[in-house]
Amino acid sequence: SFYLSARNVLCLEANIEKNLKVSVISLNGKTLLSHKFNRVYERETVEIPLCELGNGTYLVKSEADGIPKVDFISILH
């Protein structure tokens, strides 16, 4: 996953053809955004707008058919 600050979006590229769930979580554990994508295809990029989030560091949890991955992003407007 990577954050495009110029467009204020989070981009994720799927490595496998699976259902995908993405959550953006504050450092105190509160889920701020959650999106589900059905049947994301390999190499497909999904974009999640982050314009409603303030400056700070967030956890991004992506889960493809039960396999979780966690990354950090920093937002600075």
Side-chain angles (χ1 to χ4, degrees):
S1 65
F2 54 94
Y3 173 62
L4 293 175
S5 59
R7 293 183 42 219
N8 211 12
V9 296
L10 175 67
C11 298
L12 294 105
E13 185 178 291
N15 294 325
I16 50 177
E17 293 185 21
K18 301 286 181 181
N19 295 326
L20 179 66
K21 180 181 177 186
V22 180
S23 300
V24 177
I25 305 165
S26 68
L27 293 181
N28 66 6
K30 182 179 178 187
T31 300
L32 304 172
L33 297 170
S34 186
H35 293 274
K36 290 182 183 179
F37 301 91
N38 294 322
R39 200 69 177 150
V40 176
Y41 294 98
E42 188 172 0
R43 304 274 183 231
E44 181 180 355
T45 300
V46 295
E47 294 185 357
I48 300 171
L50 300 178
C51 52
E52 42 197 75
L53 298 179
N55 291 344
T57 301
Y58 300 91
L59 294 168
V60 176
K61 180 181 177 186
S62 55
E63 190 172 319
D65 282 352
I67 302 170
K69 179 182 176 190
V70 177
D71 292 303
F72 288 93
I73 58 168
S74 291
I75 297 176
L76 202 60
H77 298 285

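Between V24 and L50 there is a side-chain heavy-atom pair separated by less than 4.5 Å. Put simply, the side chain of L53 reaches to within 4.5 Å of the side chain of L33, judged on heavy atoms. Side-chain atoms of N8 and H77, non-hydrogen and from C-beta on, do get closer than 4.5 Å to each other. K21 places none of its side-chain heavy atoms less than 4.5 Å from the side chain of K61. The shortest side-chain heavy-atom distance between L59 and L27 falls under the 4.5 Å cut-off. In this structure the side chain of Y58 reaches within 4.5 angstrom of the side chain of L32, judged on heavy atoms. Annotation: side chain of V22 is not in contact with side chain of K36 (no heavy-atom distance under 4.5 Å).
Atom-to-atom distance recorded for Y3:OH and I48:CD1 is 13.0 Å, nearest 0.5 angstrom. In this structure, CG in L76 is found 5.0 Å from CG in N55, a value given to the nearest 0.5 Å.
Taking each heavy atom of T31 and S23 in turn, the nearest pair found is CG2-CB, 4.3 Å. Scanning all heavy atoms of the two residues, the minimum distance from E47 to C11 falls at CG-SG, 3.8 Å. When every heavy atom of I73 is checked against every heavy atom of L10, the shortest pair comes out as CG2-CD1, 4.1 Å.
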